[in-house]
2 protein chains.
Amino acid sequence: MTTSTEENYLKSIYHLSVGHPNPVLTSEIADSLTTSSASVTDMLKKLSEKNLIEYERYKGVRITRKGERVALSIIRRHRLWEVFLTDVLKFRWDEVHEMAEELEHVSSDELVSRLDAFLGYPKVDPHGDPIPDTNGKLFPSGSLSLAEAQTAQKYQVSGVSDHSAGFLQFLQKKGLMPGVLFSVKEIDEFDKSMYLLFEDNSGTFISHEIAKNILMKLYVNS
Amino acid sequence: MTTSTEENYLKSIYHLSVGHPNPVLTSEIADSLTTSSASVTDMLKKLSEKNLIEYERYKGVRITRKGERVALSIIRRHRLWEVFLTDVLKFRWDEVHEMAEELEHVSSDELVSRLDAFLGYPKVDPHGDPIPDTNGKLFPSGSLSLAEAQTAQKYQVSGVSDHSAGFLQFLQKKGLMPGVLFSVKEIDEFDKSMYLLFEDNSGTFISHEIAKNILMKLYVNS
DNA sequence: ATAATATTTTAGAGTAATCTAAATTAATTA
DNA sequence: TAATTAATTTAGATTACTCTAAAATATTAT
Ligand SMILES: [Mn+2]
Ligand SMILES: [Mn+2]
Ligand SMILES: [Mn+2]
Ligand SMILES: [Mn+2]
């Protein structure tokens with residue numbers, strides 16, 4: 001039905017769409033897939049023909065419900081495989097993306113659903129991104145940026161908005177992985193840098209630029 | 001380096017080669033991959049160019065050491081994924097082949113080696129076929145056909161030579177899976193059909209045609 | 001509003017894999 | 001040995017995806 005290439009395009013278009021009401025531009029897709037605009041135009045015609053996107057030349061592209069369903073199913077597979085790679089095969093969170101990029105195209109639905117069950121129906125992937133359910137429903141995590149954190153509050157790291165291997169390795173080193181509890185001891189009023197305090201009373205210093213790419217939630221004792 | 005298609009061709013050529021000293025014929029490859037002879041000829045030229053096979057037109061094809069190494073690495077991946085699918089995700093042995101056929105092309109070597117470790121370094125796949133090691137070494141199982149079984153001997157099912165889903169389901173029903181112990185109660189002198197006796201004193205009847213496609217080993221108490 | 005610039009599309013071509021039909025070569029039969 | 005049959009290869013097309021360069025359209029600046 002859909003080729004791996006079509007799936008990658010749909011995923012890219014979906015990710016570029018979410019939270020942006022305007023149509024996605026040809027050049028944005030080309031950038032995100034590191035391919036030429038000419039190739040993108042060809043593919044847009046093909047996806048449009050299959051009613052997976054709405055495409056008007058020179059006007060950009062909007063994903064349809066049908067296209068979104070395909071995109072979410074690939075995203076589900078991608079994130080479930082990432083959980084498998086970290087939790088079961090013990091890969092680091094900065095190593096799993098490339099492998100999941102291949103595994104997500106393995107076509108069996110039954111395989112995905114058994115994998116989901118084996119992993120214990122995880123809600124988020126190793127980067128804190130939510131895993132769509134079988135019906136393509138995605139529950140928003142309600143996270144906010146660490147840059148918005150206040151002192152005298154307890155927070156929990158819930159994800160990242162920069163997924164690059166370098167950034168992930170940096171956070172690993174700092175101990176800022178999803179799940180980790182912390183409070184903000186001090187915020188510098190000039191450059192907005194922060195000193196974070198962990199549960200064990202150790203701490204770490206992070207710049208505002210870094211903080212912007214870390215997601216967190218207010219932590220409430222259960 | 002090698003595309004999925006090239007890998008499938010090499011695997012097919014390898015399987016058709018093993019135990020047959022004569023070169024593999026174009027038509028045999030076409031049959032085994034259900035493709036046209038014209039397509040096979042094209043691919044043979046390409047694989048020959050890459051020194052993965054030795055090809056002389058009209059004379060058939062022989063796999064090189066280099067080609068064999070690639071084939072064995074794909075076979076290793078295929079069989080390890082099959083173990084994962086049966087042992088971990090609890091698929092039946094007749095369901096796993098098609099999925100493994102896709103998973104075997106996922107390229108990460110580190111993934112394969114972690115999977116191997118997670119599975120406990122299995123020696124054989126769910127169908128009793130041996131799993132090549134990292135260096136592409138394949139230890140022959142030393143199995144023989146159930147058709148050669150004698151009465152008053154204790155045997156263990158060790159594999160199959162027919163891998164079709166129908167045959168596997170049939171054996172499942174009969175309780176003749178790899179690992180099962182049995183002895184032969186009776187062999188009909190006219191049609192060579194057999195009555196097999198299991199450990200729990202239950203038994204089953206099988207024709208000579210079926211027996212030929214079941215592999216076994218003499219069982220010695222440890 | 002016109003010109004300059006940026007973006008997008010089209011044109012034309014290439015690679016990988018596939019097919020059918022025709023031509024070639026090999027094997028079998030008479 | 002010659003004719004017939006079978007197997008294999010070549011020729012010519014097709015589909016999916018990609019590229020560069022040129023043409024078309026849209027946006028921005030003067
Ligand atoms: Mn992908
Ligand atoms: Mn992820
Ligand atoms: Mn395969
Ligand atoms: Mn197998």
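In this text the structure is predicted, and so the values were computed from the model without any measurement. Each chain gets a letter, A, B and so on, in the order the sequences are listed, and its residues count up from 1.
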Polar contact flag, side-chain donor to acceptor under 3.5 angstrom, [X]-[Y]:
X      : Y      : answer
B:E102 : A:S107 : yes
B:S145 : B:K212 : no
A:T26  : A:S37  : no

* At under 4.0 Å, does any side-chain N or O of A:T41 touch on OP1 or OP2 of C:dT8? ->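 For C:dT8, OP1/OP2 do not have a side-chain N/O of A:T41 under 4.0 Å.
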* Checking side-chain contact (heavy atoms from CB on, under 4.5 Å) against B:L146, which of B:N213, B:I210, B:V160, B:I206 comes through? ->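 That would be B:I206; it is the only one of B:N213, B:I210, B:V160, B:I206 passing the side-chain contact (heavy atoms from CB on, under 4.5 Å) with B:L146.
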Closest listed nucleotide, where the reference is the side chain of [X] and the choices are [options]:
X     : options                : answer
B:S36 : C:dT8, D:dA16, C:dC19  : C:dC19
B:T5  : C:dT18, D:dC19, D:dT10 : C:dT18
A:R57 : C:dT9, D:dT9, C:dC19   : C:dT9
A:S27 : D:dT20, C:dT7, D:dT18  : C:dT7
A:L25 : C:dT8, D:dT18, D:dT9   : C:dT8
B:Y58 : D:dT10, D:dT8, C:dT18  : D:dT8
A:Y9  : D:dT18, D:dT10, C:dC19 : D:dT18

* Along DNA chain D (nearest heavy atom to each residue), the more 5'-positioned of A:S37 and A:E6 ->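 Nearest-nucleotide comparison on DNA chain D picks A:E6.
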Between atom [atom1] in [X] and atom [atom2] in [N], what is the gap in whole Å?
X     : N      : atom1 : atom2 : result
A:K45 : C:dT8  : NZ    : C1'   : 11 Å
A:L44 : D:dA16 : CG    : P     : 16 Å
B:K59 : C:dT25 : NZ    : P     : 13 Å
B:E56 : C:dT24 : CD    : P     : 21 Å
B:L47 : C:dA16 : CG    : P     : 12 Å
A:I29 : D:dT18 : CD1   : P     : 13 Å
A:N8  : D:dA16 : CG    : P     : 17 Å
B:D42 : D:dA11 : CG    : P     : 11 Å

* Asked: Does the ring center of A:H97 lie less than 6.0 Å from the ring center of A:H78?
  ->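 When the ring centroids of A:H97 and A:H78 are compared, they turn out to be within the sub-6.0 Å range.
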